[in-house]
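Worksheet: the structure to be examined is printed underneath.
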Amino acid sequence: MPNPVRSLLHRGGSLTLLVLSATCGAAFAQSPNEQQAVTLNPWPYTNLIAEGSQGHRLEIVTEAGIYNQATAILTFGGQTWKVTDWQCEQFRAALNTYRALPGLKPGPGLLLPGASPERPMPPYRPHGEMWTIRTHLHAPDWSAIAVEMRGGQGPYAFWMSDTVEVIKSCGPPLE
């Protein structure tokens, strides 16, 4: 079977590939005839946006090239809190807890490793806030895929609710 990309190139068509990386401040546009650097605006790079059913909206933001530091911007009820992990030790601890959360496995639960009738149901929080979380999942080679997750139970939803309370405890809302 002929390669459609190669056929297009032989007919004089052009092909542009764009590769993005969260760890770089530039991407490369590549065509068959030239390679050209394209500078991206790296400020800010939002890693996670979460919206809760009770009205919370949380953004966790990093700056390009600055590793292991983050800023949280929480809005709720017309108020806004902004904290950094170097200003609030509790927020730093919440980020460390996030790093230790179990990895997510896509697919039907009954097909996942370890699924069996003997395995107990995960912990349940009655009246927990439902969360919509938009972020990126990363493979071991740092390739990323954008995802949106929804739920009110499990370690990620529990972490979101706990982190909202931590941010509120770090100081009063902005004026």
Side-chain angles (χ1 to χ4, degrees), residues 18-28 37-107 109 112-114 122-175:
L18 181 64
V19 179
L20 297 176
S21 172
T23 59
C24 297
F28 294 96
V38 178
T39 303
L40 299 176
N41 182 359
W43 307 103
Y45 179 78
T46 301
N47 296 77
L48 185 144
I49 298 173
E51 295 170 330
S53 59
Q54 296 175 6
H56 293 104
R57 185 175 195 284
L58 174 62
E59 293 183 48
I60 297 181
V61 180
T62 62
E63 295 180 13
I66 309 293
Y67 296 91
N68 298 318
Q69 291 183 3
T71 301
I73 303 160
L74 172 66
T75 56
F76 178 69
Q79 298 179 307
T80 301
W81 290 260
K82 184 176 180 181
V83 300
T84 61
D85 62 324
W86 62 90
Q87 294 170 328
C88 179
E89 191 174 311
Q90 297 94 328
F91 179 51
R92 167 56 80 182
L95 292 175
N96 289 335
T97 299
Y98 177 78
R99 287 185 184 101
L101 289 176
L104 298 172
K105 300 280 187 188
L112 296 178
Y124 179 78
R125 281 190 187 176
H127 311 295
E129 189 164 6
M130 292 291 294
W131 289 98
T132 299
I133 303 169
R134 290 183 300 278
T135 190
H136 291 88
L137 299 180
H138 296 275
D141 68 355
W142 292 104
S143 59
I145 184 169
V147 295
E148 182 174 289
M149 302 174 282
R150 294 184 182 141
Q153 299 298 321
Y156 285 82
F158 297 168
W159 180 83
M160 292 303 312
S161 295
D162 293 345
T163 300
V164 162
E165 295 308 313
V166 162
I167 292 166
K168 289 178 180 179
S169 75
C170 289
L174 301 174
E175 305 223 359

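In this structure, the salt bridge (charged side-chain N to carboxylate O under 4.0 Å, His left out) partners of Glu51, at least two apart in sequence or on a different chain, are Arg57, Arg134. With sequence neighbours left out, Gln87 forms a side chain to side chain contact (heavy atoms under 4.5 Å, CB included) with Thr84. Contacts of Ala144 classified as side chain to side chain contact (heavy atoms under 4.5 Å, CB included), with partners at least two apart in sequence or in another chain: His136, His138.
In this structure a side-chain-to-backbone donor-acceptor pair under 3.5 Å is present from Tyr156 to Pro102. Not one N or O on the side chain of Trp81 forms a donor-acceptor pair closer than 3.5 Å with the backbone of Val164. Under the 3.5 Å distance criterion, the side-chain polar atoms of Thr132 are left unmatched by any main-chain donor or acceptor of Arg150.
The two residues Thr62 and Ala70 come nearest to each other via the heavy atoms CG2-CB, 4.3 Å.
Considering CG of Asn47 and CD of Glu59, their distance stands at 10.5 Å, rounded to 0.5 Å. Taking SG of Cys170 as the start and CD of Glu165 as the end, the distance is 11.0 Å to the nearest 0.5 Å. The CD1 atom of Ile167 lies 12.0 Å from the OG1 atom of Thr80; values are rounded to the nearest 0.5 Å. For the atom pair CH2 (Trp86) and CZ (Phe91), the distance works out to 9.5 Å, reported to the nearest 0.5 Å. With values rounded to the nearest 0.5 angstrom, Thr163 atom OG1 is found 6.0 Å from Ile60 atom CD1. To the nearest 0.5 Å, atom CG of residue Leu95 and atom CH2 of residue Trp159 are 6.0 Å apart.
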Exercise for the section: Apply side-chain contact (heavy atoms from CB on, under 4.5 Å) to Val61 and Lys82, showing your working. Expected result: CA-CA 11 Å; Val61 180; Lys82 184 176 180 181; over 6 Å; no
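Counting heavy atoms from C-beta on, the side chains of Met149 and Met160 never come closer than 4.5 Å. A heavy-atom distance below 4.5 Å is not found between the side chains of Gln90 and Val83.
The environment of CD1 in Ile145 is sparse: at most 12 heavy-atom neighbours from other residues, nucleotides or ligands sit within 6.0 Å.
A parallel orientation is assigned to the rings of Phe76 and His56, their planes being inclined by less than 30° (bins at 30° and 60°).
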